Number of protein chains: 2
Amino acid sequence: MRMNEGVEWALHCCLNLAWAGPEEAVTAARLAAFYELPTAYLNKQLQALAREGIVSSTPGPRGGFRLARLPEEITVLDVVTAIEGRDPAFQCTDIRKRTPGHGRMLGDDFRQPCLVHQTMSRADLAWRRELAGQTLADLKASIEAVAPQAPDRTRGWLLEARA
Amino acid sequence: MRMNEGVEWALHCCLNLAWAGPEEAVTAARLAAFYELPTAYLNKQLQALAREGIVSSTPGPRGGFRLARLPEEITVLDVVTAIEGRDPAFQCTDIRKRTPGHGRMLGDDFRQPCLVHQTMSRADLAWRRELAGQTLADLKASIEAVAPQAPDRTRGWLLEARA
DNA sequence: GAATAGGTACTCGGATAATGCCTGTCCGAGTCTAGTGGG
DNA sequence: CCCACTAGACTCGGACAGGCATTATCCGAGTACCTATTC
């Protein structure tokens, strides 16, 4: 079980977009150059964020991406699910129903949900709750506490190519 | 991010082994037949459980697998990590260190751990804590509460081929 | 009749292919800008 | 001098290959059991 690498990229890029501010759009190429990432592939991840309404994209010259909402309104879970999709990691195939020969021997009526499935779902829920409890603004503030120059310098570097 | 299918198999098989009892070993073929699973591949998963000391294997005639410990001493997390491995889902590649040109512009000293990484780790920890909080005995008891015949009938079916 | 040696069948165990998803790349549609020509 | 048109360049967007992990499979090593032979 390995999470997509794009999740890490997306989180860092969202932070950078937050620092860049909503006035100017930042191109995928510029964001990619910041971390030496493959441009086209990062663009793909940004498109996923756009589909989920986390960032907004504008085409053409002086186009690019910017945050579609305030950092306070974007949770880390939002970003993760935008990249990873909504499906939970554990997918119950209900193998208890595939009992040949002995049929429903177990006396288990299948209206009840699978208890293994329930256990895994609880864990998944705890994971999501933790991620949903932290917004981009929280993360941003934590970083600014240890690196006060980060906002200005990042914004400066991202927009320095602009007129 | 999709979890290995083998996790579901392993959990159900561990439950079945718990019902079979530690006296008689159950072969991989018999366990696979119970749910119509591919025998050889299930065997692979059982080997992973054996390596982690969750089940013990005995070769030869009348051989097979049995639980190596009491169900109270086996957590759901043990089974999951045996199949999935110990690595957390999110692997931080520390892309903040790959900032060409602008160097360590951010003023972030890299002795501090990456805060994105920390957030994801907290979520992973919450997930693990939830899974570690439930033992095979708990799960077994929950199922027996809704399906009282399950223990006897499962044990009977698994061992009926024996002398 | 009992014990032992050999053979046989059965089981796990690790090494070996096939499949599907993630990673990475490319080119086309749309849009804004800037330059140019005419009124 | 001002406006409109046109050409160009830039950006996102989705469609198209490559690599690696997961899925699936096979055959060999080892073990217990059963049988036959001998004392």
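Numbered from 1 within each chain, the chains take letters A, B, ... in sequence-line order. Note that this is a predicted model, so its numbers are computed, not measured.
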Just checking Ala28(B): base, sugar-phosphate only, or nothing, at a heavy-atom cut-off of under 4.0 Å? sugar-phosphate

What about Val146(A) and Leu15(A), same hydrophobic cluster or not, with Ile/Leu/Val/Met/Phe/Trp/Tyr joined at side-chain heavy-atom distances under 4.5 Å? yes

For DNA chain C, whose closest nucleotide is more 5', that of Gly6(A) or that of Ala50(B)? Ala50(B)

Is a side-chain N or O of Asp78(B) found less than 3.5 angstrom from the main chain of Thr75(B), in a donor-acceptor match? yes

Whole angstrom value for the distance that separates P of dC22(C) from CG of Asp87(A): 11 Å

In whole angstroms, how far is the C1' atom of dA21(D) from the CE atom of Met1(B)? 16 Å

Between Leu46(A) (CG) and dG24(C) (P), how many Å, whole number? 15 Å

Could you run through nucleotides 24-32 of chain D and give me one letter per nucleotide, 5' to 3': B if any protein heavy atom sits under 4.0 Å from the base, S if only the sugar-phosphate is that close, - if neither? BBB---BBB

Rounding to a whole Å, what distance do you find between Glu24(B):CD and dT11(C):P? 13 Å

Within this structure, what is the CE-to-P distance between Met3(B) and dA21(D), rounded to whole angstrom? 18 Å

Whole Å only: how far is the CD atom of Glu52(B) from the C1' atom of dG13(C)? 16 Å

Given dG14(C), dG13(C), dT11(D), identify the nucleotide with an atom nearest to the side chain of Phe65(B). dG13(C)

Distance, rounded to the nearest Å, where Gln91(A) contributes CD and dT23(D) contributes C1': 15 Å

Taking atom C1' of dT25(C) as reference, at what distance in whole Å does atom CG of Leu37(A) sit? 15 Å

If you compare every side-chain N and O of Arg2(A) against the phosphate oxygens of dC21(C) (OP1, OP2), does one of them come in below 4.0 Å? no

Which distance, rounded to the nearest 0.5 Å, do you find between the CE of Met120(A) and the CD of Glu130(B)? 11.0 Å

Please tabulate, one pair per line, all N/O donor-acceptor pairs under 3.5 Å involving side-chain atoms of residues 121-128 of chain A, not counting sequence neighbours.
| unit_1 | atom_1 | unit_2 | atom_2 | d |
| --- | --- | --- | --- | --- |
| Ser121(A) | OG | His117(A) | O | 3.0 |
| Arg122(A) | NH2 | Gln134(B) | OE1 | 3.3 |
| Asp124(A) | OD2 | Arg128(A) | NH1 | 2.5 |
| Arg128(A) | NH2 | Arg86(A) | O | 3.3 |

If you draw the axis of the six-membered ring of Trp19(A), does the NZ or CZ of Arg153(A) fall within 45° of it and under 6.0 Å from the ring centre? no

Hey, is the side chain of Gln47(B) poking within less than 4.0 Å of OP1 or OP2 on dC12(C), counting only N and O atoms? no

Aromatic contact between Phe34(A) and Trp157(A), with the criterion being ring centroids under 6.0 Å apart: yes or no? yes

Among the candidates dC12(C), dT23(C), dT22(D), find the nucleotide nearest to the side-chain atoms of Asn4(B). dT22(D)

Side chain to side chain donor-acceptor pair (under 3.5 Å) evaluation trace for Glu5(A) with Thr93(B): CA-CA 9 Å; Glu5(A) 200 178 357; Thr93(B) 60; 4.7 Å; no

